[in-house]
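In listed order, ligands and their atoms are each counted from 1.
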Amino acid sequence: MEEPVPGDVQIFLSSKENCLSMRSVGADYMSKLVKIAGITIAASRVKAKATHVTLICKNCRSVRTVPCRPGLGGAIVPRSCDHVPQPGEEPCPLDPWIAVPDKSKYVDLQTLKLQENPEDVPTGELPRNMLLSVDRHLVQTIVPGTRLTVVGIYSVYQASTTYD
Ligand SMILES: [Zn+2]
């Protein structure tokens with residue numbers, strides 16, 4: 001008998017912890033789960049976010065598939081190709097990879113802008129914002145104006161080379 005093959009699953013977390021203030025979330029919380037409340041002030045259109053990118057070496061045409069960082073992260077692309085050149089072949093240069101978009105794998109992704117609740121903003125200060133990245137079943141469930149309590153991983157968004 002064949003073993004059943006499990007598909008990808010999406011896990012929703014809930015927490016009874018108190019919410020953190022956006023002002024108190026700093027470097028100590030990097031890559032940790034945080035619970036935050038606020039008001040959604042913007043929702044992006046739905047984008048295709050690559051989870052695995054298929055790359056082809058522009059020199060030897062070898063193909064490899066690399067994973068992408070979760071959230072807004074890009075692909076983890078190796079610098080070099082491990083193809084061993086045969087006599088008469090050019091060795092593969094550094095950074096030889098070209099993404100093949102229609103061979104890559106995607107999920108739906110949306111970004112939301114969460115603003116501090118008015119009651120959490122100290123007098124005379126401007127409200128702070130955070131960018132949320134939601135994917136798959138969470139996409140298109142929230143409209144601007146919605147008060148949210150979210151549990152998520154706090155990270156810094158690096159606008160580097162992304163294949164999405
Ligand atoms: Zn190559």
**Flag side-chain contact, heavy atom, 4.5 Å: P85 against N59** = no

**Prompt:** Which residues pass the side-chain hydrogen bond (donor to acceptor under 3.5 Å, both in side chains) test with R79, sequence neighbours left out?
**Reply:** D95

**Item:** Residues D82, R64: salt bridge by 4.0 Å N-O rule
**Value:** yes

**Request:** Report the residues that fulfil side-chain hydrogen bond (donor to acceptor under 3.5 Å, both in side chains) with N129, sequence neighbours left out, ordered by chain and then residue number.
**Result:** Q115

**Request:** Taking the Zn ion (ligand 1) as the centre, count the protein N/O/S atoms lying under 2.8 Å from it.
**Result:** 4

**Prompt:** Do R147 and E119 sit within salt-bridge range, that is, some charged N less than 4.0 Å from a carboxylate O?
**Reply:** yes

**Request:** Sequence neighbours left out, what passes side-chain hydrogen bond (donor to acceptor under 3.5 Å, both in side chains) with D135? Give chain and number order.
**Result:** Q10

